[in-house]
S.K.: 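I'd like to ask some things about the structure below.
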Number of protein chains: 2
Amino acid sequence: MSEARKWVTMGDVAARAGVGTITVSRALRTPGKVSQTTLAKVQKAVAELGYVLDETAGALSSQRSRIVGALVSTLEESVFATTLRGLSEGLAEGGLQLLLSATQYDPETEAALIPTLLGRRPEALVLTSDRHTPDARALLERAALPVLELWDLPERPVHVAVGFSNRAAGSAMTRHLIDTGRRRIAFVGLDRAHDSRGHLRLEGYRDCLRDLSDERVLLLPPRRGATGPDYGAQGLREVLRRWPDTQALICVSDTLAAGAWCEAMRAGLSVPDRIALTGFGDFDMAGSSGLALTTIRIDGAAIGRRAAELILSGDMERGTRIDLGFSLIRRASS
Amino acid sequence: MSEARKWVTMGDVAARAGVGTITVSRALRTPGKVSQTTLAKVQKAVAELGYVLDETAGALSSQRSRIVGALVSTLEESVFATTLRGLSEGLAEGGLQLLLSATQYDPETEAALIPTLLGRRPEALVLTSDRHTPDARALLERAALPVLELWDLPERPVHVAVGFSNRAAGSAMTRHLIDTGRRRIAFVGLDRAHDSRGHLRLEGYRDCLRDLSDERVLLLPPRRGATGPDYGAQGLREVLRRWPDTQALICVSDTLAAGAWCEAMRAGLSVPDRIALTGFGDFDMAGSSGLALTTIRIDGAAIGRRAAELILSGDMERGTRIDLGFSLIRRASS
DNA sequence: TGCAATCATGGTATCGATACCACCATCTGA
DNA sequence: TCAGATGGTGGTATCGATACCATGATTGCA
């Protein structure tokens, strides 16, 4: 691979087509502005040379990078993947590309990645991470681009937020269990310092339980190499050990709920008669062909598409928070 | 958001620090090449102005974009996510960023996306998609960059391939079932025209079964909105209807196997006594806290890291195929 | 002490495209 | 017939950084 071939330039194409470089540029960017005959000549030369327009140079001279930076918490949970699909498809219609990085749920990593994204002079920055260090926040506020925070509705967004209320979702689930006659309801989550979303769902649970019943909250310390189902299984065991008469278990995510569900099967506990289980996210396995899990569904693709629309229209009032809501899907597990 | 703030330039920083622009460039790129005092002055000015180096301009003048393009089949299956993490972490050490697009398993989409990636003049292109149109292949072969194909070992790679043999994996799983006494073994997959991987696993199954037993292959037509578990559940039902005495079912992926597993539970069929189930991918739910599924594990992160190493070292012989293998994880489902 | 080597720094050309302005040919309408 | 509008095309400056070469200051060693 060391044969250092060179990239063809617009000048090469222009020479071959017998026109000026600017005409080549127009033929490729705004084909309507050149005559049919020149357009054909240019296209022929482009095809023969295998030319691909150099966006790097284009970005510099036009001062438009046609790039949108995205910083997600992780790629390994499917929740963000649908958002990215919606976002990326929406942006593609406007000729924008996604430059992607993952923070692994660490605000320090996020703070380190933001400058690397800004270095590409993106036209907007999309974040699905929920917490920023003071430095990062300052950098975002000074930067000359729109910042969109997704999957959450922070009190004080940097610019614009598109998401839903995790707290309301936590309440809605708790309310559902109360409405179906449960009173001794536990909550299991992870004790991750920077996972504000899980904590917000917990707050929702607390809001709803107030005065009705006692709290049964279990926050598990993260362990290296452990997966969602591991925590879920462990969570169910510990909850039933500490509060044996628990009737329902709200899990902070579907993967935890799935682990709890499997653990219940193994222990011979009937779901939902002995214990009801709920999750969050409506992942594939939660469907009726799978575990039939009661859960909260977020339309991740819609969040992404909405963000793309906002970016393309440029219509962003500072401080806007767009609530796309959620839906509670009741299935056999409750 | 319409307050059109301007980006700070290196010239602004240089003026503020009282040095030349080139010195600012050196202070940021190769801090060892400037004196302590100027370095401090520059860093102070950078901090005060909130300057972020413009990589767009840098790419043009240095003829190094510091970008690697990646084209994955989908972001919505966790298998590629770990590869992307390994790749992105590895590249970050060399100061390279990932520009990502998803083909949605469609070679036409891939062909359309390749030029948009090449437009950024990436230093390498990574593909996890397995099939290219003739046009796309021609473009890749002419382009002046290394092309890495991941997750597979094509007969004739464009340049370099890093992956494993899906065919061998299909054989290994079939062999495992035979070795544990099963003879009437079925295979269920999806009838997706462009999913060469699934077909390769099926070939492996056929290789191994030859002469020993009859083939029981079910390829389900894709339906809009259907999920892996849906196909798995349907697959188990149809297989048992057509071949009631089937002893083991090899599913083309874990999500299918999970659906089959749940369907077996619902139908009261004991796994593995009445029917053994196997998957592919070792996703979270396959672990012992979850479904305890016998499956094939691929070290996706290792594939990504290896690709990153190759890119950073530049040490790529044309035609190289690197086989990172797989491991068969036996769990309770077989 | 003197000369070469090294270090720190700056000036200027350059990367490959696009913006802006200028130009020419053709067309329109009085 | 000619002024003015229009459509198609090209020349040149420019975007913001880095490469290359040149310069002056400092150091090392005989």
Side-chain angles (χ1 to χ4, degrees), chain A residues 4 6-43 45-46 49-67 95 115-116 118-123 144, chain B residues 4 6-43 45-46 49-67 95 115-116 118-123 144:
Chain A
K6 295 280 290 180
W7 290 98
V8 176
T9 74
M10 194 175 267
D12 299 333
V13 177
R16 186 171 193 112
V19 298
T21 56
I22 188 75
T23 303
V24 176
S25 174
R26 278 193 278 251
L28 296 174
R29 292 276 195 212
T30 49
K33 291 192 176 174
V34 296
S35 68
Q36 285 298 321
T37 52
T38 33
L39 182 57
K41 277 192 294 184
V42 171
Q43 285 173 338
V46 165
L49 295 172
Y51 175 68
V52 177
L53 209 148
D54 186 336
E55 298 281 354
T56 303
L60 186 59
S61 54
S62 69
Q63 299 288 78
R64 287 205 48 196
S65 64
R66 294 167 201 265
I67 277 188
T116 70
L118 292 181
R120 302 290 168 183
R121 298 293 184 264
E123 305 193 5
Chain B
K6 294 280 291 179
W7 290 97
V8 176
T9 74
M10 194 175 266
D12 300 334
V13 177
R16 184 167 194 114
V19 299
T21 56
I22 187 78
T23 304
V24 176
S25 174
R26 278 193 280 248
L28 296 174
R29 293 276 196 212
T30 49
K33 290 193 178 174
V34 296
S35 69
Q36 285 297 320
T37 53
T38 33
L39 183 56
K41 279 192 292 185
V42 171
Q43 284 172 339
V46 165
L49 295 172
Y51 174 68
V52 177
L53 211 149
D54 186 337
E55 298 281 355
T56 304
L60 186 57
S61 56
S62 69
Q63 299 288 78
R64 285 206 48 196
S65 64
R66 294 167 201 265
I67 277 187
T116 71
L118 292 181
R120 303 289 167 182
R121 297 295 185 264
E123 305 193 5

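Naming: A, B, ... by sequence-line order, numbering from 1 per chain.
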S.K.: Which value, rounded to the nearest 0.5 Å, describes the distance between I67(B) atom CD1 and E55(B) atom CD?
M.R.: 8.5 Å
S.K.: Quick one: is dA17(C) close enough that its OP1 or OP2 comes under 4.0 Å of any side-chain N or O from T56(A)?
M.R.: no
S.K.: Under 4.0 Å, counting only non-hydrogen atoms across every strand here, what does V24(B) touch: a base, just sugar-phosphate, or nothing?
M.R.: nothing
S.K.: What is the distance from atom CD of Q63(A) to atom OG1 of T56(B), rounded to the nearest 0.5 Å?
M.R.: 9.0 Å
S.K.: Atom CD of Q36(B) to atom P of dC7(C): distance rounded to whole Å?
M.R.: 15 Å
S.K.: So if I take every side-chain heavy atom of R29(B) and compare against dG16(C), dT18(D), dT9(C), which nucleotide ends up nearest?
M.R.: dT18(D)
S.K.: Would you kindly give the CE-to-C1' distance between M10(A) and dG16(C), to the nearest whole Å?
M.R.: 8 Å
S.K.: Does T21(A) put a side-chain nitrogen or oxygen below 4.0 Å from OP1 or OP2 of dG16(C)?
M.R.: no
S.K.: Got a donor-acceptor contact below 3.5 angstrom from the S65(A) side chain to the R121(A) backbone?
M.R.: yes
S.K.: Strictly below 4.0 Å: does Y51(B) bring a side-chain N or O up to OP1 or OP2 of dG16(D)?
M.R.: no
S.K.: Please compare S62(B) and S62(A) by the position of their nearest nucleotide in DNA chain C and report the one closer to 5'.
M.R.: S62(B)
S.K.: Would you indicate, yes or no, if dA19(C) has its OP1 or OP2 atom less than 4.0 angstrom from a side-chain nitrogen or oxygen of S61(A)?
M.R.: no
S.K.: Starting from C1' on dT9(C), measure out to CG on L28(B) and report it in whole angstrom.
M.R.: 15 Å
S.K.: Send over the distance from D54(B) CG to dT14(D) C1', rounded to a whole Å.
M.R.: 14 Å
S.K.: So, is T38(B) near the phosphate of dT9(C), with a side-chain N or O under 4.0 Å from OP1 or OP2?
M.R.: yes
S.K.: So how far is it from L53(A) CG to T9(A) OG1, rounded to the nearest 0.5 Å?
M.R.: 11.0 Å
S.K.: V34(A) has a side chain; which of dT9(D), dG10(C), dA17(C) sits nearest to it?
M.R.: dT9(D)
S.K.: Hey, does the side chain of Q63(A) come within less than 4.0 Å of dG16(D)'s phosphate (OP1/OP2), counting only N and O?
M.R.: yes
S.K.: May I have the distance from E55(A) (atom CD) to dG16(C) (atom C1'), rounded to whole angstrom?
M.R.: 12 Å
S.K.: Checking contacts here: which listed nucleotide (dG16(D), dG10(C), dA17(C)) is nearest the side-chain heavy atoms of R26(B)?
M.R.: dG10(C)
S.K.: Which whole-number value in Å describes the distance from L39(A) CG to dG7(D) P?
M.R.: 17 Å
S.K.: Would you say S25(B) reaches dA17(D)'s phosphate, i.e. side-chain N/O to OP1/OP2 under 4.0 Å?
M.R.: no
S.K.: CZ of R64(B) versus C1' of dT14(C): gap in Å, rounded?
M.R.: 18 Å
S.K.: Quick one: is S35(A) getting a side-chain N or O under 4.0 Å of the dT9(D) phosphate, OP1 or OP2?
M.R.: yes
S.K.: Going by side chain to side chain contact (heavy atoms under 4.5 Å, CB included), Y51(A) matches just one of D12(A), L28(A), V42(A). Which one?
M.R.: L28(A)
S.K.: Going by modelled atom types, is there a donor-acceptor pair between the base of dG16(D) and the side chain of R121(A) at under 3.5 Å?
M.R.: no
S.K.: The side chain of I22(A) is closest to which nucleotide in this list: dG16(D), dA19(C), dT18(D)?
M.R.: dA19(C)
S.K.: May I have the distance from L60(B) (atom CG) to dA17(D) (atom P), rounded to whole angstrom?
M.R.: 12 Å
S.K.: Would you mind reporting whether V13(A) and R16(A) have side-chain heavy atoms less than 4.5 Å apart?
M.R.: no
